Amino acid sequence: MANFAKPSVPRFSVDVYQNEYLPEGGREVNAVVTVTATGGGTVGGSVAAPVHPPGQRPSAAVAVMVDCSGSMEYPPDKMRGARSATAAAIDTLRDGTHFAVIGGTHVATEVYPGGGRLAVADDATRGQAKRALSRLSSGGGTAIGTWLRLADRLLSSADVTIRHGILLTDGRNEHESPEELRRALDACAGRFTCDARGVGTDWEVKEVTGIASALLGTADIVADPAGLTADFTRMMETAMGKEVADVCLRVWTPVGTTIKFVKQVAPSVEDLSGRRTEAGPRAGDYPTGSWGDESRDYHLCVQVPPAGLGQEMLAARVSLVVPQADGTVQNLGAQGLVRAVWTDDMAASTSISPQVAHYTGQAELAQAIKQGLDLRKAGDFERATAKLGRAVQLASASGNADTAKLLAKVVDVVDAATGTVRLKTRVAEADEMTLETRSTKTVRVKK
């Protein structure tokens with residue numbers, strides 16, 4: 001068991017990349033905002049106040065939800081892999097972490113510790129939890145909303161800073177309606193984050209990615225159950241590295257300015273525009289979930305009122321806050337400014353920020369993959385070829401080698417630079433699902 005000790009407390013910084021120059025009559029301002037949390041010191045010339053008092057670590061609670069439906073028994077290595085992976089995740093828990101294991105079928109069952117409570121990780125409770133795992137058996141249906149609601153009840157019973165779930169499923173959510181799952185996700189959103197994994201190839205990609213998206217976690221496929229242990233260990237190590245929960249990107253704009261969208265664009269594409277909560281006059285908060293030592297990029301697009309040549313204005317101010325239970329906020333002490341300057345210098349006003357151009361292409365890449373795969377499934381092979389060809393072109397131009405490799409398993413690439421491809425006649429289901437699941441993963445721009 002690793003202790004994950006860090007030498008200092010997290011600090012946040014904000015850097016803004018944009019071309020602030022607009023032509024006469026120009027109204028749209030784009031900027032890439034890089035948010036960085038680090039274990040200490042200075043980042044990008046900005047020093048923010050530490051989040052935790054020196055020497056104090058955040059408290060955490062984790063719920064692991066394991067699919068125990070009947071399909072997990074076929075082939076048998078799925079359930080064996082799930083037991084082993086969950087045991088490895090439990091071994092990765094930091095001492096003092098609150099935790100529970102949930103067995104999921106058409107109902108949710110407390111596997112450990114039971115009694116509507118959480119255990120506190122130490123050598124004894126980790127051993128007890130692993131013994132309880134050995135009794136896991138498969139049988140029944142799948143109603144993921146019930147698993148999430150039980151996880152929420154258990155996690156909310158602990159007075160902790162970080163609340164996180166890990167969810168594993170191998171099948172479709174057949175024993176509750178999509179509306180019931182959506183209501184469960186709405187009820188859990190903002191209460192805990194959740195990483196979701198699909199094992200094998202019988203699950204629904206849009207369900208698993210939708211769960212991760214709603215709960216600000218990650219989604220992935222583990223096509224071979226033998227890979228579950230390594231994947232669960234990595235997920236739990238990441239969860240144990242989280243230092244700050246419920247961080248929000250607060251965007252303030254002046255009178256007359258409209259926010260067109262706010263998107264996370266690295267390490268994956270996630271549109272946050274519809275998740276805004278009002279935060280006072282002309283300010284709104286966009287949830288980003290929990291943070292450890294990491295950096296993420298956000299694309300902000302605003303429409304400003306027109307102004308004359310030579311004028312300039314503050315188009316937006318971006319800061320980081322953590323809402324508190326009493327209605328106040330903790331300001332994390334880092335902010336970035338987005339500017340607009342009107343000029344008749346055509347070279348200046350028509351130049352596109354490399355960061356903005358890069359992530360505009362990455363967002364288009366994710367959309368082209370999604371549309372191409374949907375068209376392929378619908379039998380519209382001509383349009384599917386065009387969309388996936390465009391995806392190959394974008395992946396090649398941006399240096400997204402991982403996505404390019406996944407695309408090459410679905411299409412034969414004739415010319416990556418022009419996006420000339422042919423659909424493969426036969427595609428392994430695991431390869432298609434992997435491409436769909438990982439389509440939103442992006443490569444960072446070289447600044």
Side-chain angles (χ1 to χ4, degrees), residues 62-90 99-112 114 129-130 132-155 164-178 180-181 184-185 188 192-215 217-236 239 429-430 433-434 437:
V62 180
V64 183
M65 294 159 271
V66 182
D67 192 335
C68 295
S69 61
S71 58
M72 282 291 286
E73 202 57 49
Y74 306 99
D77 61 345
K78 272 200 289 193
M79 183 53 82
R80 286 198 300 270
R83 291 192 200 100
S84 297
T86 306
I90 289 168
F99 76 101
V101 180
I102 295 169
T105 60
H106 53 284
V107 294
T109 304
E110 296 178 53
V111 174
Y112 182 83
K130 288 187 286 186
L133 283 175
S134 67
R135 299 190 293 272
L136 275 185
S137 60
S138 56
T142 305
I144 295 174
T146 65
W147 315 355
L148 294 167
R149 289 185 184 275
L150 177 56
D152 183 34
R153 288 197 296 274
L154 293 173
L155 291 171
H164 190 76
I166 291 175
L167 185 149
L168 173 71
T169 184
D170 83 320
R172 292 171 174 82
N173 196 44
E174 295 176 335
H175 291 81
E176 66 182 357
S177 68
E180 288 174 309
L181 176 57
L185 289 170
C188 296
F192 66 95
T193 56
C194 185
D195 294 322
R197 295 293 186 268
V199 60
T201 57
D202 293 329
W203 48 280
E204 177 60 50
V205 171
K206 289 180 175 61
E207 284 179 352
V208 170
T209 56
I211 291 165
S213 174
L215 302 182
T218 64
D220 208 348
I221 179 174
V222 186
D224 184 349
L228 281 172
T229 295
D231 188 71
F232 266 45
T233 301
R234 284 192 300 269
M235 277 195 290
M236 190 63 82
E429 190 172 15
M433 291 177 70
T434 301
T437 305

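Computed from a predicted structure; not experimentally measured.
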Rounded to the nearest 0.5 Å, what separates atom [atom1] in [X] from atom [atom2] in [Y]?
X: Ile102; Y: Tyr112; atom1: CD1; atom2: OH; result: 14.5 Å
X: Thr169; Y: Asp202; atom1: OG1; atom2: CG; result: 10.0 Å
X: Leu181; Y: Ile211; atom1: CG; atom2: CD1; result: 5.5 Å
X: Trp203; Y: Ile144; atom1: CH2; atom2: CD1; result: 10.5 Å
X: Ser137; Y: Met79; atom1: OG; atom2: CE; result: 7.0 Å

So, for [X] and [Y], which heavy atoms are closest and what is the spacing to 0.1 Å?
X: Asn173; Y: Thr142; value: OD1-O, 3.4 Å
X: Met65; Y: Cys194; value: CE-SG, 4.0 Å
X: Gly140; Y: His106; value: CA-ND1, 3.8 Å
X: Cys188; Y: Asp152; value: SG-CB, 3.9 Å
X: Val66; Y: Ala82; value: CG1-CB, 3.9 Å
X: Thr146; Y: Glu176; value: N-OE1, 4.0 Å

| said: Any side-chain to backbone donor/acceptor pair from Ser213 onto Thr209? Under 3.5 Å, distance only. | reply: no
| request: Ignoring hydrogens and angles, tell me if any N or O in the side chain of Asp67 forms a donor-acceptor pair with the backbone of Asp170 under 3.5 Å. | output: yes
For residues 223-231, run the donor-acceptor check on the side chains, cut-off 3.5 Å, and write out each pair with its distance to 0.1 Å, sequence neighbours left out.
from	atom 1	to	atom 2	distance (Å)
Asp224	OD1	Ala226	N	3.0
Asp231	OD1	Arg197	NE	3.4
Asp231	OD2	Arg197	NE	2.7

| field | Derivation of the side-chain hydrogen bond (donor to acceptor under 3.5 Å, both in side chains) call for His164 and Thr193 | value | CA-CA 5 Å; His164 190 76; Thr193 56; 2.7 Å; yes
I'd like to check [X] versus [Y] (side-chain heavy atoms, cut-off strictly below 4.5 Å). Are they in contact?
X: Leu136; Y: Val111; value: yes
X: Arg80; Y: Asp77; value: yes
X: Leu215; Y: Leu167; value: no

| Which pairs with one or both residues in residues 133-142 pass salt bridge (charged side-chain N to carboxylate O under 4.0 Å, His left out), sequence neighbours excluded? | none
| query | What residues, two or more places apart in sequence or in another chain, satisfy ring-ring contact (aromatic ring centres under 6.0 Å, His included) together with Phe192? | reply | none
| message | Just to verify, what does Phe232 make a ring-ring contact (aromatic ring centres under 6.0 Å, His included) with, not counting sequence neighbours? | response | none
| task | State which residues pass side-chain contact (heavy atoms from CB on, under 4.5 Å) with Glu110; sequence neighbours excluded, sorted by chain then number. | result | Leu150, Leu154
| said: Pair Asp220, Asp195 - check side-chain contact (heavy atoms from CB on, under 4.5 Å), show working. | reply: CA-CA 9 Å; Asp220 208 348; Asp195 294 322; over 6 Å; no
| message | Assess the residue pair Leu133 and Ile90 against the criterion (side-chain contact (heavy atoms from CB on, under 4.5 Å)); give the C-alpha distance rounded to whole Å, side-chain angles, the decisive distance to 0.1 Å, and a yes or no. | response | CA-CA 10 Å; Leu133 283 175; Ile90 289 168; 3.8 Å; yes
| field | Residues forming a salt bridge (Lys or Arg N to Asp or Glu O under 4.0 Å) with Arg172, sequence neighbours excluded | value | Glu204
